Number of protein chains: 2
Amino acid sequence: MIGDRWSLLIIRDAFDGIRRFSELQRNLGLAKNILASRLRELVAQGILTMGPATDGSAYHEYTLTAKGRELFAVIVALRTWGETHLFEGDEPRSALLDVKNELPVRLQVTNAAGEPISSDDAFVRKVS
Amino acid sequence: MIGDRWSLLIIRDAFDGIRRFSELQRNLGLAKNILASRLRELVAQGILTMGPATDGSAYHEYTLTAKGRELFAVIVALRTWGETHLFEGDEPRSALLDVKNELPVRLQVTNAAGEPISSDDAFVRKVS
DNA sequence: CACGAGTGGTTTCAAATTGAAACTGCTTGA
DNA sequence: TCAAGCAGTTTCAATTTGAAACCACTCGTG
């Protein structure tokens, strides 16, 4: 799933409201066969569904399932990191804003009490 | 960076304290040439650094830079999603816990006021 | 209602990437 | 001292990618 170049970008676009095959292809600039293959995989994994278009046309569109929408935090995290590290100086960038007040969205790793923590404050435990 | 199968897994292992080449290779089960190539790339991108080993041996080890450590939220998000969706039933899984109280770590997308939001509550704005 | 453009793919084929295995040279511990 | 481990590199076959051509269907326009 995360194991390739395009799947997460497709999911990101899906969160941005992109639903159509051709729109995805133009947006991402990937080959149509690769896009078709990735969409097939994402549908098979239950992250996207293919349904009839909502605009009345005979085409169909891809939308996120509940399982797919749960990737929101992943996309926000990657977007945040990318915005601060993947640009040099004056390149075009974008921000994720709250619909209501248009202030930037934030992402926090917290403990059970809701206090922000860093990687030093956490450890992994194997669970059988 | 996110554009391949192994880089994020290497970074995840780095957060788990894996620092040595051979340890990464055993853990991830990838070919040594691919691992060497990915480590080179990650170092070149300033996500990892290669330094002398801290255990006194003449070998060296890879550690996360500040830029790399800022990927913590991404790794936590992916880990959380994977734990709830990538296992069926009784397979081995792991949890990320707070060092102090051993309670699970959580991840939240919030607005500026700190209130949790979903993908419907946010939109992307292009900024020049 | 014909037709040119757009949609949503599949097929084909060359080029790039991956992965397994063998090989190398240095280090470590017994 | 010497076998095992570390940290790679090289080689080569197999898989994956990406560009381009092709195809069938649908839409809007005149």
Side-chain angles (χ1 to χ4, degrees), chain A residues 1-65 68 75 78 82 86, chain B residues 1-65 68 75 78 82 86:
Chain A
M1 216 286 300
I2 73 154
D4 85 284
R5 184 171 168 189
W6 296 111
S7 299
L8 277 173
L9 291 170
I10 292 171
I11 293 166
R12 182 202 59 183
D13 274 17
F15 275 114
D16 291 357
I18 313 292
R19 298 164 201 292
R20 299 288 284 265
F21 186 95
S22 57
E23 217 173 348
L24 284 167
Q25 202 227 322
R26 269 193 300 275
N27 241 309
L28 299 173
L30 83 172
K32 294 165 69 167
N33 50 353
I34 308 297
L35 177 55
S37 152
R38 289 301 168 273
L39 288 172
R40 248 194 313 273
E41 287 171 19
L42 289 170
V43 169
Q45 293 182 49
I47 292 169
L48 294 178
T49 38
M50 190 177 65
T54 52
D55 63 353
S57 76
Y59 303 124
H60 49 263
E61 58 188 33
Y62 296 89
T63 51
L64 289 163
T65 62
I75 299 298
L78 276 169
L86 255 39
Chain B
M1 215 288 296
I2 71 154
D4 84 284
R5 183 169 169 190
W6 296 112
S7 299
L8 277 174
L9 291 171
I10 292 169
I11 292 166
R12 182 202 60 183
D13 274 15
F15 274 114
D16 290 355
I18 313 291
R19 298 165 200 293
R20 299 286 284 265
F21 185 96
S22 56
E23 217 173 348
L24 285 167
Q25 203 228 323
R26 267 192 301 275
N27 241 307
L28 299 172
L30 82 172
K32 295 166 70 165
N33 51 350
I34 306 297
L35 177 56
S37 152
R38 290 300 168 275
L39 288 172
R40 248 196 313 273
E41 287 171 21
L42 289 170
V43 168
Q45 291 182 50
I47 291 169
L48 294 178
T49 37
M50 192 177 66
T54 52
D55 63 353
S57 75
Y59 303 122
H60 49 264
E61 61 186 32
Y62 295 89
T63 51
L64 289 162
T65 63
I75 299 298
L78 276 169
L86 255 40

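Just so we're on the same page: letters track the sequence lines, and every chain starts at 1. Source: prediction; values computed, not measured.
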Is a side-chain donor or acceptor of B:Thr49 paired with a backbone partner of B:Thr65 at a separation under 3.5 angstrom?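 No, because the side chain of B:Thr49 does not come within donor-acceptor range (under 3.5 Å) of the backbone of B:Thr65.
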
5′-ward residue of the pair B:Glu23/A:Glu41 relative to DNA chain D: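 Here B:Glu23 is the residue nearer the 5' end.
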
Of A:Lys32 and A:Ser57, whose nearest nucleotide on DNA chain D comes first from the 5' end?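 With A:Lys32 and A:Ser57 compared, the 5'-side residue is A:Lys32.
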
Mind calculating the distance between [atom1] ([X]) and [atom2] ([N]) to the nearest angstrom?
X       : N      : atom1 : atom2 : answer
B:Asn33 : D:dC6  : CG    : C1'   : 16 Å
B:Tyr59 : D:dA4  : OH    : P     : 15 Å
A:Trp6  : D:dT17 : CH2   : C1'   : 10 Å
B:Ile18 : D:dC6  : CD1   : P     : 13 Å
B:Leu39 : D:dA7  : CG    : C1'   : 10 Å
A:Ile34 : D:dT15 : CD1   : P     : 16 Å
A:Asp4  : D:dT17 : CG    : P     : 6 Å
B:Glu61 : D:dG8  : CD    : P     : 12 Å

Can you name the closest pair of heavy atoms from B:Leu8 and B:Leu78 and give their distance?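 That closest heavy-atom pairing would be CD1-CD1, 3.8 Å.
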
Minimum heavy-atom distance B:Phe21-B:Leu35, with the two atoms named: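 Taking every non-hydrogen atom into account, O-CD2, 3.4 Å.
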
Is [X] close enough to [N] that one of its side-chain N or O atoms is under 4.0 Å from OP1 or OP2 there?
X       : N      : value
B:His60 : D:dC6  : no
B:Arg26 : D:dC6  : yes
A:Arg38 : D:dG18 : no

Ionic contact status for A:Arg5 with B:Asp4, cut-off 4.0 Å: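 Salt bridge flag = no for A:Arg5 with B:Asp4.
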
Just how far is it from atom CD1 of B:Ile11 to atom CZ of B:Arg38, taken to the nearest 0.5 Å?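 With rounding to 0.5 Å, CD1 (B:Ile11) is 11.5 Å from CZ (B:Arg38).
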
Point-to-point distance, once rounded to the nearest 0.5 Å, from CG of A:Leu42 to CD1 of A:Ile47: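 With rounding to 0.5 Å, CG (A:Leu42) is 5.5 Å from CD1 (A:Ile47).
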
From the 5' end of DNA chain C to its 3' end, which nucleotides mark the outer limits of contact with chain A, defined by a 4.0 Å heavy-atom distance cut-off (strictly under)?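 Contact span on the strand: C:dG6 to C:dT12.
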
Non-neighbouring partners of A:Arg20 that pass salt bridge (charged side-chain N to carboxylate O under 4.0 Å, His left out), sequence neighbours left out: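 For A:Arg20, the residues satisfying salt bridge (charged side-chain N to carboxylate O under 4.0 Å, His left out) (neighbours in sequence not counted) are A:Asp55.
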
